Amino acid sequence: MFGFANALLLALFAAAAVDLIAAVLRTRSLRTALTSLWNEEHLLFWQGGGEWRIRAGAAAFAAGLAAYEVSVVFCNSMARETWDWVQGVLGPILEWTAFLCFGFKILLGTRYTWKQLGLAGALYFIARWTYFNSQNIWWIGIVVAVMAAKDVPLRRPLKAYLYSGAAAMAVVVALHYAGIVAPDLISERAGLLRGTYGYGHPNTFGGLVFGLVLAWAMLRAKRVRWGDCLGIAAVGVFLMVGPASRSAAMCTLALAAALVVCRLRQGRKAPRAWPKLCAASVGLVAAVSYLLPMLVIKVGPWNNDIGPAWLARLDSLLTCRISLSWMAYRLLDVRIAGQAFDWPPVDNSFLFALFQFGPVAAAILAVLFAAALYGYARQGRRVEVCCLLTMLVYSYMECQPFHLSTNPTALLLCGVMFAQSAANWSEIE
């Protein structure tokens, strides 16, 4: 995908050059042309077939999400160990389909001002730069998907995401119980047997289920029903009992509780300080992520033999998340544009971003997330805020939020990425 990342960047530069030449020829004035391009939304390369291109772009975006979801949920299950063609043939086909669909939407099916294109292009350049160092394909995938989400009503793409992901997962689980895909693969923690359901690790399965739950909650943004709350709570209980994936289970249960609050307060105004509190929560979780491991005192030979006692108990509750961060501080260097690493595992998105993508990308992500929370809270879009806050909590305990299959809420950052006012951000409906 290195070639695709470079090609997309070069295509955006080429589109800007074609825009400028066409605008100068049309207006006969460089100043007028620049003013028009900066302030007026327009399609790239040429203006013909505008409405058809917009509709085709939206359809391509939905198709890309579906292909991406199947490539992750099916091709990255343990089916890859059962059949060579899963990742040797099917996986690359689906990944290229997804990226080409996203590329078509970005280049030929979206209107931009130069202000929007310049900011998003600069952020994409940084993402591409860090991708070349981190070699994390899911990172560039989620960035390109967010760019492609501009001005698309998200209901149809989210349905494509949800239905394709649920169908692919159902196939994997069925093959698992049929004794074909990893039939005897289980995990154990402190004497507790944990189901993997055809995936390599219980937390992988938990993260994928959590992503589908979030997509369902986002689809209910306009009208939350009691059945939605009960269903999501039931999934949370299953995640706690079946795979025993604590992070996914706790966040799913928290999302169910948050939706209950949304249902009870439907039609009522939120407190005036609510948007600022939502935005500040990002800084709070970031501070806890970066500073708490610094309080660790090593008292034994093992990863979780730490002090003080209250911190050791908290670390045990979070399944060694704090001590893993403490270890990362001692084994990894912070590099400006990130790095590739396999050890130690860093199950915290804030620290993972710092080490894998670098401090620049980590700071940008925190700002984008805080701005999105503030904007959605100001607009009174409670369900979107609840989904983002739940993902924020999940981000403290996992690094899977950089996978679109676990984090469909990333699509809600699109309006911020393109510097649009909150009133113009993509609606779910």
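If you read the sequence from its start, that first residue is 1, and numbering goes on from there. Bear in mind the structure is a predicted one, so any value in this text is a computation, not a measurement.
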Roughly how far apart are [X] [atom1] and [Y] [atom2], rounded to 0.5 Å?
{"X": "Ile322", "Y": "Asp347", "atom1": "CD1", "atom2": "CG", "value": "12.5 Å"}
{"X": "Leu9", "Y": "Phe4", "atom1": "CG", "atom2": "CZ", "value": "11.0 Å"}
{"X": "Leu107", "Y": "Met147", "atom1": "CG", "atom2": "CE", "value": "8.5 Å"}
{"X": "Tyr199", "Y": "Ser77", "atom1": "OH", "atom2": "OG", "value": "5.5 Å"}
{"X": "Thr110", "Y": "Ile54", "atom1": "OG1", "atom2": "CD1", "value": "6.0 Å"}
{"X": "Leu43", "Y": "Leu108", "atom1": "CG", "atom2": "CG", "value": "9.0 Å"}

Walk me through it: do Phe61 and Leu411 pass the test side-chain contact (heavy atoms from CB on, under 4.5 Å)? CA-CA 12 Å; Phe61 177 61; Leu411 301 177; 4.0 Å; yes
Is the closest side-chain donor-acceptor distance between [X] and [Y] under 3.5 Å?
{"X": "Gln87", "Y": "Asn76", "answer": "yes"}
{"X": "Ser289", "Y": "Asn348", "answer": "yes"}
{"X": "Glu69", "Y": "Ser164", "answer": "no"}
{"X": "Thr130", "Y": "Trp139", "answer": "yes"}

Quick check on [X]: does its [atom1] atom have over 12 non-hydrogen neighbours (other residues, nucleotides or ligands) under 6.0 Å away?
{"X": "Arg265", "atom1": "CZ", "result": "yes"}
{"X": "Asn424", "atom1": "CG", "result": "yes"}
{"X": "Phe132", "atom1": "CZ", "result": "yes"}
{"X": "Phe125", "atom1": "CZ", "result": "no"}
{"X": "Arg378", "atom1": "CZ", "result": "no"}
{"X": "Arg272", "atom1": "CZ", "result": "no"}

May I ask you to test the [X]-[Y] pair for a side-chain heavy-atom distance under 4.5 Å?
{"X": "Phe74", "Y": "Leu175", "answer": "yes"}
{"X": "Leu90", "Y": "Val70", "answer": "no"}
{"X": "Ile137", "Y": "Glu95", "answer": "yes"}
{"X": "Arg194", "Y": "Asn203", "answer": "yes"}
{"X": "Ser323", "Y": "Val296", "answer": "no"}
{"X": "Trp425", "Y": "Val416", "answer": "yes"}
{"X": "Leu12", "Y": "Ile106", "answer": "yes"}
{"X": "Cys399", "Y": "Val346", "answer": "no"}

Are the side chain of [X] and the backbone of [Y] linked by a donor-acceptor contact shorter than 3.5 Å?
{"X": "Arg246", "Y": "Leu317", "value": "yes"}
{"X": "Arg335", "Y": "Gly338", "value": "no"}
{"X": "Gln339", "Y": "Asn133", "value": "no"}
{"X": "Ser316", "Y": "Ala312", "value": "no"}
{"X": "Tyr376", "Y": "Leu412", "value": "yes"}
{"X": "Lys105", "Y": "Lys150", "value": "yes"}
{"X": "His403", "Y": "Ser405", "value": "no"}
{"X": "Ser325", "Y": "Arg321", "value": "yes"}
{"X": "Arg382", "Y": "Cys262", "value": "no"}
{"X": "Tyr329", "Y": "Tyr290", "value": "yes"}

Heavy-atom closest pair, residues [X] and [Y]:
{"X": "Cys386", "Y": "Thr390", "value": "O-OG1, 2.7 Å"}
{"X": "Gly141", "Y": "Phe99", "value": "CA-CZ, 3.6 Å"}
{"X": "Phe238", "Y": "Tyr197", "value": "CE1-OH, 3.6 Å"}
{"X": "Pro275", "Y": "Pro271", "value": "CD-O, 4.0 Å"}
{"X": "Phe45", "Y": "Ala11", "value": "CZ-O, 3.7 Å"}
{"X": "Asp228", "Y": "Trp216", "value": "OD1-NE1, 3.2 Å"}

Using side-chain contact (heavy atoms from CB on, under 4.5 Å), reason through Asp151 and Phe418 one step at a time and then give a plain yes or no. CA-CA 10 Å; Asp151 298 335; Phe418 284 96; over 6 Å; no
ring-ring contact (aromatic ring centres under 6.0 Å, His included), paired with Phe357, selected from Phe402, Tyr131, Phe350: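 One option only clears the test, and that one is Phe402.
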Report yes or no: is the cationic atom of Arg128 (NZ for Lys, CZ for Arg) closer than 6.0 Å to the six-membered ring centre of Tyr124, at no more than 45° off its axis?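 Verdict for Tyr124: no cation-pi partner in Arg128.
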Show your reasoning for whether side-chain contact (heavy atoms from CB on, under 4.5 Å) applies to Glu384 and Gln379. CA-CA 10 Å; Glu384 288 93 330; Gln379 293 293 312; over 6 Å; no
Would you please indicate if the ring centroids of Tyr161 and Tyr68 are separated by under 6.0 Å? no
For Tyr394 and Asn407: C-alpha separation, side-chain torsions, deciding distance, then whether side-chain contact (heavy atoms from CB on, under 4.5 Å) applies. CA-CA 10 Å; Tyr394 186 75; Asn407 183 14; over 6 Å; no
